[in-house]
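Here's the structure we're looking at; comments come further down.
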Amino acid sequence: MEKWWKERVVYQIYPRSFCDSNGDGIGDIRGIISKLDILKELGVGILWLSPVYRSPNRDNGYDISDYYSINPEFGTMADMDELIEKAAERDLKIVMDLVINHTSYQHEWFIKSRVKEEPYTDYYIWRDKPNKWTGFFGGSTWTFDEQRRQYYLHLFDEGQPDLNYNNPKVLKSVKEVMRFWLDKGVAGFRCDVINVLYKSSLKNGRPRIALRGREYFISQEGTFEVLKELKRDVLSKYDCFTVGETVMVSPEQAKKLCNSGLDMVFSFEHMDADCFFIKWLLRRFKPKRLFKALVKWQTKAPWNAVYLENHDQPRSVSRFGDDKNFHKESAKALAVLLLSLKGTPYVYQGEEIGMTNFDFESMADIRDVESTNVYAIAKKLHLSERYRWRMIRLKSRDNARTPMQWSGETNAGFSSGEPWLKVNSNYERVNFKDEYAEPDSIWNFYKRLIAFRNGSEVLKRGDFIPSYTGRDVLAFERVLGDERLGVVVNLSGGRRSAPCTGVAALSTHGRERLDGELQPYEAAIFWR
């Protein structure tokens with residue numbers, strides 16, 4: 001029997017932007033509870049929550065100040081307990097975000113480390129002089145602390161000091177955190193930037209345009225050892241799963257990470273289909289780049305965490321589809337791609353109704369710390385204002401963080417108060433209420449597609465066999481024993497020929513039989 005996490009579709013919730021129950025403009029846990037029946041009807045089986053822990057929110061919850069309490073903006077621990085209970089009643093499993101590379105600089109551990117109070121003196125990485133490393137948000141990875149009179153390491157924002165995994169007491173504390181939540185009934189963890197935990201050296205490293213020093217902190221042997229210990233001492237004692245957010249990994253490294261304790265990893269190679277190496281170095285999207293990366297990971301990784309968007313990535317219909325001329329068609333085509341690949345599919349909130357990138361007009365509307373840091377660096381490099389804004393408009397994480405569009409009413413039905421981040425102005429035509437009522441909508445297509453996947457052993461467990469990768473078209477088969485399903489996806493605004501003939505099991509264009517010709521942004525699953 002397959003593991004349950006191989007059988008279910010995951011739905012990611014970004015709590016701050018999902019549903020506000022009390023009118024303060026911030027989504028909350030009770031808002032999530034109010035939508036459980038809708039999520040159950042959609043057909044998903046796992047809910048992944050981005051962080052709901054107490055946090056000063058320099059990085060919207062990924063800077064945790066207390067792993068054992070809930071951010072009051074989201075509710076109380078009693079609300080969290082109720083969410084876990086109500087979800088279980090509907091056979092929905094809850095997965096928490098586990099952020100253990102760093103904490104907030106307001107965490108008790110860091111506050112005590114600053115004054116060298118034991119046992120926390122070496123819970124973080126301190127140094128008298130900074131090295132030349134550069135971080136994920138741009139700029140130096142070191143900040144001078146006036147109280148301790150030393151520099152501390154932070155691969156991300158200065159409010160997110162990195163924990164020191166050379167200190168075994170840190171790992172002991174992390175194990176206690178994990179047990180606390182698993183004992184509450186959560187079903188696993190999405191592990192934030194999990195392959196940068198261990199720093200094997202503090203040497204400067206080779207000069208690079210970005211992430212100097214990465215040869216000493218990405219996928220180090222010490223990280224594999226940490227994962228093995230977490231698996232042995234904690235995770236193996238529970239019926240749970242882990243998915244790791246992993247930076248700059250190959251399929252071979254992914255295998256090693258999974259052999260060390262993770263069940264699957266998020267890779268990012270297919271996210272380079274419209275950029276060079278890092279997302280801010282823009283280039284024109286080409287479907288073939290996306291397809292080639294997906295095929296590579298489908299054929300080489302042991303088990304894939306399949307996704308096209310999340311809280312850190314732009315909206316897929318704006319990025320890989322055409323949200324203006326073929327909005328419905330391209331959103332459905334991407335849905336077929338997402339839900340027919342081998343692995344565990346992850347649907348991000350709003351993806352199932354075709355939510356698009358934001359329509360903001362200036363930096364005044366941006367709330368994302370990464371975006372503001374990158375914009376400032378680009379300005380120092382004398383990049384033109386037009387190009388700087390283009391970078392932000394296309395790649396800012398706020399594209400995926402605009403409030404969920406529940407209806408065409410005020411604030412998209414997200415909140416009765418002023419939302420923490422502006423709502424996309426297209427909510428009057430792109431919203432759940434209208435999608436739910438229209439039989440041919442994106443939401444209802446997702447519902448049918450997820451139901452088909454849930455009932456198909458070949459889609460859940462079958463092998464992936466690529467059959468054609470063209471400039472705009474990908475075709476492949478899923479095979480389990482004697483059963484075969486063909487899948488074909490056209491990610492272009494033109495008609496395309498493709499190796500697809502047969503009876504359609506499910507088609508974006510409602511066709512019953514395929515004839516080797518695809519309409520613009522047509523995709524289908526068909527019997528072989």
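Residue pairs meeting the salt bridge (Lys or Arg N to Asp or Glu O under 4.0 Å) criterion with at least one member in residues 335-352, sequence neighbours excluded, do not occur.
The closest donor-acceptor contact from the side chain of S340 to the backbone of V336 lies under 3.5 Å. When atom types are taken as modelled, the side chain of N444 and the backbone of D440 share no donor-acceptor pair closer than 3.5 angstrom. The backbone N or O of D312 sits less than 3.5 Å from a side-chain atom of N310, completing a donor-acceptor pair. In this structure a side-chain-to-backbone donor-acceptor pair under 3.5 Å is missing from S396 to R393.
Between F241 and W4, a ring centre-to-centre spacing shorter than 6.0 Å is recorded. Taking the six-membered ring where the residue is Trp, the centroids of Y346 and F266 are separated by under 6.0 Å. The aromatic ring centres of H311 and Y62 sit less than 6.0 Å apart.
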Could you tabulate the donor-acceptor pairs under 3.5 Å formed by side-chain atoms of residues 26-33, not counting sequence neighbours?
from : atom 1 : to  : atom 2 : distance (Å)
D28  : OD1    : S21 : N      : 3.3
D28  : OD1    : S21 : OG     : 2.9
D28  : OD1    : G31 : N      : 2.8
D28  : OD2    : S21 : N      : 3.1
D28  : OD2    : S21 : OG     : 3.1
R30  : NH1    : D79 : OD1    : 2.8
R30  : NH1    : E82 : OE1    : 3.0
R30  : NH2    : E82 : OE1    : 3.2
R30  : NH2    : E82 : OE2    : 2.9

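Crowding of K40 atom NZ: a count of heavy atoms from other residues, nucleotides or ligands under 6.0 Å exceeding 12. Other residues, nucleotides and ligands contribute more than 12 heavy atoms inside 6.0 Å of the CZ atom of R283.
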Given the rule in the salt bridge (Lys or Arg N to Asp or Glu O under 4.0 Å) test, do K460 and E457 qualify, once you have shown the distances and angles that lead to the verdict? CA-CA 5 Å; K460 289 188 291 187; E457 293 302 312; 3.4 Å; yes

K35/M404 under side-chain contact (heavy atoms from CB on, under 4.5 Å): CA gap, chis, key distance, verdict: CA-CA 12 Å; K35 303 299 184 182; M404 179 70 180; over 6 Å; no

Under the side-chain contact (heavy atoms from CB on, under 4.5 Å) criterion, do D63 and H102 qualify, and how do the steps go? CA-CA 7 Å; D63 50 325; H102 49 262; 5.7 Å; no

Could you walk me through whether K184 and D81 satisfy the salt bridge (Lys or Arg N to Asp or Glu O under 4.0 Å) test, starting with their C-alpha distance in whole Å, then the side-chain angles of each, then the deciding distance to 0.1 Å, before giving a yes or no? CA-CA 7 Å; K184 273 189 172 291; D81 290 338; 2.8 Å; yes

Intermediate values then yes/no, side chain to side chain donor-acceptor pair (under 3.5 Å), Q313 and R319: CA-CA 9 Å; Q313 301 290 339; R319 187 178 189 181; 2.9 Å; yes

Salt bridge (Lys or Arg N to Asp or Glu O under 4.0 Å) between R8 and D91: does it pass, once the steps are laid out? CA-CA 11 Å; R8 297 175 180 232; D91 192 27; 2.9 Å; yes

What's the verdict on side chain to side chain donor-acceptor pair (under 3.5 Å) for N195 and T223, showing C-alpha distance, side-chain angles and the deciding distance? CA-CA 6 Å; N195 68 319; T223 291; over 6 Å; no

Show your reasoning for whether side-chain contact (heavy atoms from CB on, under 4.5 Å) applies to E7 and R461. CA-CA 8 Å; E7 301 277 335; R461 301 193 293 117; 4.0 Å; yes

Applying side-chain contact (heavy atoms from CB on, under 4.5 Å) to F189 and L182, what does each step give before you reach the verdict? CA-CA 9 Å; F189 301 103; L182 290 166; 3.8 Å; yes

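There is no side-chain donor-acceptor pair under 3.5 Å between Y307 and S316. A donor atom on one side chain and an acceptor atom on the other are found under 3.5 Å apart for D183 and Y238. Using modelled atom types, one finds no donor on one side chain facing an acceptor on the other under 3.5 Å when comparing Y446 with E435.
Taken from CG in L491 to CZ in R496, the straight-line distance is 11.0 Å, to the nearest 0.5 Å.
Remark: F476 pairs with F464 by the ring-ring contact (aromatic ring centres under 6.0 Å, His included) rule, at least two apart or across chains. In this structure, the side-chain contact (heavy atoms from CB on, under 4.5 Å) partners of Q253, at least two apart in sequence or on a different chain, are S219, V249, S250. Scored by the side-chain contact (heavy atoms from CB on, under 4.5 Å) test, E370 finds F137, K279, W280, D368, V374, R397 as partners (sequence neighbours excluded). Taking the side-chain contact (heavy atoms from CB on, under 4.5 Å) definition, one finds that E329 meets it with F326, H509, Y521, sequence neighbours left out.
Exactly one of N431, T356, D359 qualifies for a side chain to side chain donor-acceptor pair (under 3.5 Å) with N426. That residue is T356.
At least one side-chain heavy atom of V247 sits under 4.5 Å from a side-chain heavy atom of F136. No side-chain heavy atom of L334 sits less than 4.5 Å from a side-chain heavy atom of E309. Two residues are said to be in side-chain contact when any heavy atoms from C-beta on lie closer than 4.5 Å; C258 and W303 fail this criterion. Side chains of L449 and I525 form a contact here, defined as non-hydrogen atoms less than 4.5 Å apart. Between K231 and S260, the closest side-chain pair of non-hydrogen atoms is not below 4.5 Å. Residues L518 and R511 are in side-chain contact: their nearest non-hydrogen atoms beyond the backbone lie under 4.5 Å apart. Residues L42 and W443 meet the side-chain proximity criterion, which asks for heavy atoms closer than 4.5 Å. Counting only heavy atoms from C-beta outward, the side chains of L36 and L47 approach each other to under 4.5 Å.
Taking the six-membered ring where tryptophan is involved, the planes of F358 and F360 are essentially parallel, since the angle between them stays under 30° and well short of 60°. By the 30° and 60° cut-offs, the orientation of the rings of F320 relative to F285 is tilted.
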